[in-house]
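Okay, so here's the structure we're looking at.
Ligands are counted one by one from 1 in listed order, and the atoms in each one are counted from 1 as well.
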Amino acid sequence: MPELPEVEVARLGISPHITHKTVRSVEVRNPSLRWPVEPKLAKILHNALITHTSRRGKYLLVHCLCHDGASGVLMIHLGMSGSLRIASLDAAPQKHDHIDWVFDDCVLRYHDPRRFGSVHWHDVRDGDYLQHPRLIQLGIEPFDALFTGAHLLARCRTRKMSIKQGLLSGDMVVGVGNIYACEVLFRCKIHPETACADLTRAQCEQLAVQIKHLLQEAIAQGGSTLKDFVNSDGASGYFQMHYNVYGRTGAPCHACAAPIMRMVQGQRATFFCPVCQPASKAIHA
Ligand SMILES: [Zn+2]
């Protein structure tokens, strides 16, 4: 599943090919994504200029100036298996290539075998796009200057749930999915079952710093795949970091050689080192 770094890398991959260009046509082959694609999308975007791209959480945002002078934002979510790539004008669409945005010199193509992704159109005459129902509920961005240890501490103080689940809930910070939650807790030597309310100020400070580092490292690593967005087979945008704990059940911890353990929290697999990340009760004992 694409996480925040993959979405940011996808944005960096497609952006140079579509920014300041005009959409000549849109072809929606299958509008049945997680939510139905706006039926008038082709009409709305005919001769629209792409002004810039941005991202909010795992939504890739394509800002458009329409031919009638209105402006709006395409909100693209990659779901479980979605990807974007730049194809040449003569490249025939393949299976699961659901939407094409056709420019003078290339095609932006949305591919999604499982169709859990979505493409929303938001007309800014209907209000600020950040107030869109899909975006307004999102927590703070990890790279926002306001995302600090103090912010995390304030959000954790009243919560009894585990920090692993707190990070995944998306309202403390967006973009920390299952992989990065496991990895960042290992880096901070915090047991995944530690209650949010039991975290110290120092642990919250460290978590905030390490979340920023980890996501930045992942985006930098994905930078090596940017060329794969052009004329590729649709598998672009997925990359694997070198993980310390994620998916390494039974393998030796890189720090202490103890076998990495797996457990299930909230129906999601958690991977951790029982030695490097001792349970908080053991710390108090
Ligand atoms: Zn260890």
Side-chain angles (χ1 to χ4, degrees), residues 1-9 58 139-140 142-143 147-157 159-225 238-285:
M1 184 195 302
E3 296 210 31
L4 184 146
E6 279 90 349
V7 178
E8 182 62 12
V9 169
K58 294 206 287 185
I140 194 166
F143 303 125
F147 176 59
T148 60
H151 167 89
L152 212 45
L153 187 67
R155 289 297 169 106
C156 282
R157 220 164 231 163
R159 302 183 80 161
K160 292 197 178 96
M161 70 167 67
S162 71
I163 182 58
K164 163 82 189 306
Q165 286 172 282
L167 290 173
L168 290 187
S169 69
D171 54 3
M172 292 180 177
V173 58
V174 294
V176 184
N178 202 39
I179 294 174
Y180 297 107
C182 294
E183 291 294 313
V184 82
L185 290 171
F186 173 80
R187 285 191 184 197
C188 296
K189 298 184 167 33
I190 296 171
H191 192 281
E193 286 180 314
T194 308
C196 291
D198 286 346
L199 290 178
T200 64
R201 174 175 292 272
Q203 284 176 317
C204 288
E205 296 286 354
Q206 199 192 8
L207 265 177
V209 168
Q210 290 299 336
I211 285 169
K212 289 175 199 269
H213 281 178
L214 188 63
L215 294 175
Q216 261 158 2
E217 285 167 29
I219 291 166
Q221 184 138 348
S224 64
T225 69
Y238 294 88
F239 47 90
Q240 273 216 314
M241 284 188 82
H242 171 74
Y243 299 133
N244 282 309
V245 288
Y246 187 82
R248 296 191 66 239
T249 311
C253 170
H254 292 138
C256 74
I260 298 299
M261 291 181 69
R262 178 186 188 275
M263 64 177 166
V264 175
Q265 290 178 282
Q267 299 173 326
R268 305 294 300 274
T270 298
F271 302 89
F272 68 107
C273 172
V275 175
C276 294
Q277 299 165 262
S280 52
K281 279 182 190 140
I283 295 173
H284 295 315

Please output the side-chain donor-acceptor pairs of residues 206-214 that fall under 3.5 Å, not counting sequence neighbours, one pair per line with the distance.
unit_1, atom_1, unit_2, atom_2, d
Lys212, NZ, Pro142, O, 3.0
Lys212, NZ, Asp144, O, 3.0
Lys212, NZ, Phe147, O, 3.0

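- Looking only at distances, no side-chain donor or acceptor of Glu8 sits under 3.5 Å from a matching main-chain atom of Ile219.
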Cut-off 3.5 Å, no hydrogens considered: what does the side-chain donor-acceptor table look like for residues 261-272, sequence neighbours left out?
unit_1, atom_1, unit_2, atom_2, d
Gln265, OE1, Thr270, OG1, 2.7
Gln265, NE2, Ser162, OG, 3.3
Gln265, NE2, Pro192, O, 3.2
Thr270, OG1, Lys164, NZ, 2.7

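- Ser169 is linked by a side chain to side chain donor-acceptor pair (under 3.5 Å) to Asp171, counting only residues two or more places apart in sequence or in another chain.
- For a distance threshold of 2.8 Å, the protein N, O or S atoms nearer than that to the Zn ion (ligand 1), listed by chain and number, are Cys253 SG, Cys256 SG, Cys273 SG, Cys276 SG.
- Considering every non-hydrogen atom in both Val245 and Glu183, the closest pair reads N-OE2, 2.9 Å.
- A heavy-atom distance below 4.5 Å is not found between the side chains of Tyr243 and Ile260.
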